[in-house]
Amino acid sequence: MFLKKKIYKIISLFLLCISLLSTFVYASSIPTWTTETKPLNDTTPTSGNVTSSSDSTTSTSPSQTNSIASPNNTVATNSNSNLSLNCGSCILIEQHSGQVLYEQNMHEKLRPASVTKVMTILLIMEALDSGKLSYTDKIPCTENAAGMGGSQIWLDVREELTVDEMLKAICVVSANDCTVAMAEYLAGSQEAFVAKMNEKAQELGMKDTTFKNCHGIDEDGHVTSAYDIALMSKELLNKHPSITKYTTIYMDSLRDGKSSLVNTNKLIRNYKGATGLKTGSTSVALYNLSASATRDDLSLIAVIMKAPNTKIRFAEAQKLLDYGFANFEYKKLASKGDIIKDVLVDKGIETNVNGILEDDSGILIQKGQDKNIEQQLELPTMISSPVEQGQVLGTVTYMLNSQEIGKVNIIAEKSVNKISTFTMIENIYSKWFSLLRT
C-alpha cells in the first residue's frame, strides 16, 4: 500500500509538471474585455465611507435643482418645491459635494454681520493644521481688541487666553474682542489679516465677497452672498471637521467658570444632527445664519441672510434643512478595497488575482432614485503577467437614467510575477516536496 501511494504521488507530480509546462509554452497573452450592466444592488459594496468633493457649486433657480450629472459624482433631480422663505436670500447645499439643492437670490450681495467669522475661523484652523499655531498658545489682548463693541467676553489687556479658549469664545458667543486678538496675533494687524481673508475668498471662488474687517460689524463695502457663505462654510467643515468640537457647544464657561457661554445658534440645542455653524446680526444686516447638520451620512449647509428677526432666521434655516433631509440622500456606490471579481493571469506564478475597488464613491440623489442606478463593469477575463499591486485592471461605471454619475478603477489586489524557467522549477520543487511530505 505504501509503495502504491508513492507511485500515485509521482504520477500526479509528473502530470502537474506537464500541465505547468503546457501553460508556460502555449497560453495566450491577449486579454478579452467585457461589458456588463447590472442593477446596483447586485454587487454594491457593503462597507466603507462615501467621499466626494468639489470646490464649486451650481447656480439654479429656486424651483428646481440641476438635473445633469456633475463630474464630482453628484446628481440632483428636478424638484418643484418653492419654499418662499421670508429672507433676503438663502441657499441649501450638500456639504461634501457643494451641490445646490435650493436657492433664493443666492448671489445677492448683502451684509453678513458675524457670519463673517466663518472665514476668520477658517484661517485660524489653517494656522493650527499647518503648525503655525497650537491650541495651547497664549494669545495677548491688545488695546484695539479690548475696545471692540458688540458681542464680546470683555477681554482685558492684562490677560491672555489660549487659542482653545479663544476659539470657544468666537464660535459660541461670537466674541469680537477675541476675533480681533486672534487676527492681530496671526497677521500682525487686523488689516493684514483681512487681506488674507480676501485672498482666501478669491481662492475659494467667492466672487460676491469683499471683506473689510474680521468680525462683521457693519462697514460700507463689507458684503458677501448666501452662495459665498455656503462656500466658505463647506471649506471649513470639510477641511477642518474638528471645528465642530466648538460649534456644537451649547453651554460652557471660561475663566474657571466665571464667564458663562451660551451658543447664539439655537439650532444646536433644538435640531437633530446640528453641527454648527455661525450666526450674525446687526441693525442693518438684520439676521443671518449658516446652519449645518448631518443625518444618516447626509451633510447639509443652509444659509439664511437678511431675515427680519431671529425667530424667523432659525425657522427658515430649519425649513431648508428639513427639505433637504426629506428629499435627498447620499447613496454609497463603492467602497475602497471591496473585491469585484478575480482575473486570470497569463503566464503568472499564480493563476489569478483579485480585482478590487481603488476608491470610495458616492452620489447625492433624490430619495427613491437608487433603484434606477445601474453599473457597467469593464474588466478583462485574463491579463498578462507580471502584475503590479495597484495596477489598474478595469473600471466600474455607475449610470442613472443613462447618465454617468460615477466611475471607480478596479485595481490588482497584489503583485503576481511572471513565470520563468527558474520560478517554474521552484514551483515544481515546492509542490513535489509538499506531495512527498503527505
Side-chain angles (χ1 to χ4, degrees), residues 52-66 68 70-72 74 76 85 87-126 183 187 190-240 276-280 282 284-286 288-292 300-307 317 320 364:
S52 180
S53 64
S54 172
D55 287 334
S56 63
T57 55
T58 306
S59 175
T60 63
S61 66
S63 59
Q64 77 178 79
T65 52
N66 193 352
I68 300 175
S70 65
N72 56 16
T74 65
L85 301 182
C87 59
S89 69
C90 69
I91 192 172
L92 175 70
I93 69 168
E94 193 279 320
Q95 177 183 309
H96 297 290
S97 66
Q99 185 77 24
V100 177
L101 307 181
Y102 188 91
E103 64 90 12
Q104 183 176 309
N105 304 325
M106 67 178 180
H107 285 294
E108 185 173 351
K109 294 182 180 181
L110 297 169
R111 296 173 185 255
S114 282
V115 181
T116 298
K117 294 185 178 80
V118 171
M119 180 58 80
T120 302
I121 295 166
L122 174 58
L123 294 184
I124 294 171
M125 294 305 294
E126 286 185 346
Q190 184 180 176
E191 291 74 21
F193 188 82
V194 171
K196 292 182 179 295
M197 292 171 68
N198 284 310
E199 287 175 10
K200 189 66 180 181
Q202 290 302 307
E203 179 187 321
L204 296 178
M206 296 168 60
K207 297 179 181 179
D208 306 323
T209 299
T210 302
F211 292 117
K212 296 289 187 177
N213 59 60
C214 62
H215 41 72
I217 292 176
D218 286 322
E219 187 171 340
D220 289 342
H222 184 84
V223 294
T224 188
S225 65
Y227 179 91
D228 283 3
I229 289 173
L231 280 183
M232 64 179 178
S233 299
K234 167 180 170 286
E235 179 78 2
L236 175 60
L237 288 166
N238 288 346
K239 298 289 182 65
H240 312 281
L277 188 59
K278 191 71 196 72
T279 61
T282 68
V284 179
L286 299 184
N288 303 326
L289 173 65
S290 178
S292 58
L300 302 175
I301 298 171
V303 178
I304 298 291
M305 296 194 76
K306 208 171 183 178
L320 277 178
L364 179 71

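We number each residue from 1, following the sequence as shown.
- Between Arg111 and Thr282, the closest side-chain pair of non-hydrogen atoms is not below 4.5 Å.
- In this structure, the side chain of Gln104 engages the main chain of Leu85 through a donor-acceptor pair within 3.5 Å.
- If you take OG1 on Thr224 and NE2 on His107, they are separated by 11.0 Å, rounding to the nearest 0.5 Å.
- Taking every heavy atom of both residues into account, Met206 and Asp228 meet most closely at C-OD2, 3.1 Å.
- No more than 12 heavy atoms of other residues, nucleotides or ligands sit less than 6.0 Å from atom NZ of Lys212.
- To the nearest 0.5 Å, atoms CG (Leu237) and CE (Met125) are separated by 10.5 Å.
- Considering only heavy atoms from C-beta on, Ile91 comes within 4.5 Å of Val100 through its side chain.
- At distances below 3.5 Å, at least one donor-acceptor pair connects side-chain atoms of Ser292 with backbone N or O atoms of Gly276.
- Atom OG1 of Thr120 and atom CD of Gln190 lie 8.5 Å apart (nearest 0.5 Å).
- For the pair Asn288 (side chain) and Ser114 (backbone), a donor-acceptor distance under 3.5 Å is absent.
- For Thr210 (side chain) and Gly221 (main-chain N/O), no donor-acceptor pair under 3.5 Å exists by modelled atom type.
- Atom CG of Leu110 sits about 8.5 Å away from atom CG of Asn105, to the nearest 0.5 Å.
- Glu94 places a side-chain N or O within 3.5 Å of a backbone atom of Ser97 that can act as its donor or acceptor partner.
- Asn198 contributes a side-chain N or O that, together with a main-chain N or O of Phe211, makes up a donor-acceptor pair within less than 3.5 Å.
- Nearest heavy-atom pair, Val194 versus Cys214, reported as atom, atom and distance to 0.1 Å: CG2-N, 3.8 Å.
- Looking at Ser233, its side chain does come within 3.5 Å of a backbone N or O of Ile229 through a donor-acceptor pair.
- Listed here is the closest heavy atom pair of Ala226 and Ser89: CB-OG, 3.7 Å.
- Among all heavy-atom pairs drawn from Ala113 and Gly280, the shortest one is CB-C, 3.6 Å.
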Please lay out, stage by stage, how Asn238 and Gln95 fare under the test side chain to side chain donor-acceptor pair (under 3.5 Å).
-> CA-CA 7 Å; Asn238 288 346; Gln95 177 183 309; 3.1 Å; yes
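- Scanning all heavy atoms of the two residues, the minimum distance from Thr116 to Gly216 falls at OG1-CA, 3.5 Å.
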Give the C-alpha distance, both sets of side-chain angles, the deciding distance and a yes or no for salt bridge (charged side-chain N to carboxylate O under 4.0 Å, His left out) between Lys196 and Glu199.
-> CA-CA 5 Å; Lys196 292 182 179 295; Glu199 287 175 10; 5.4 Å; no
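- Residue Cys90 holds its SG atom at 11.0 Å from CE of Met305, rounded to the nearest 0.5 Å.
- Under the 3.5 Å distance criterion, the side-chain polar atoms of Lys117 are matched with a main-chain donor or acceptor of His215.
- The shortest side-chain heavy-atom distance between Leu204 and Thr209 does not fall under the 4.5 Å cut-off.
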Just do the side chain to side chain contact (heavy atoms under 4.5 Å, CB included) check on Leu101 and Leu364 with the steps written out, would you?
-> CA-CA 10 Å; Leu101 307 181; Leu364 179 71; 3.4 Å; yes
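- A distance of 4.0 Å separates CD1 in Ile301 from CD1 in Ile93, rounded to the nearest 0.5 Å.
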Between Glu108 and Lys306, is a salt bridge (charged side-chain N to carboxylate O under 4.0 Å, His left out) present by the stated rule, with each step listed?
-> CA-CA 11 Å; Glu108 185 173 351; Lys306 208 171 183 178; 5.7 Å; no
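- The heavy-atom pair separating His240 from Leu122 by the smallest distance is CD2-CD1, 3.5 Å.
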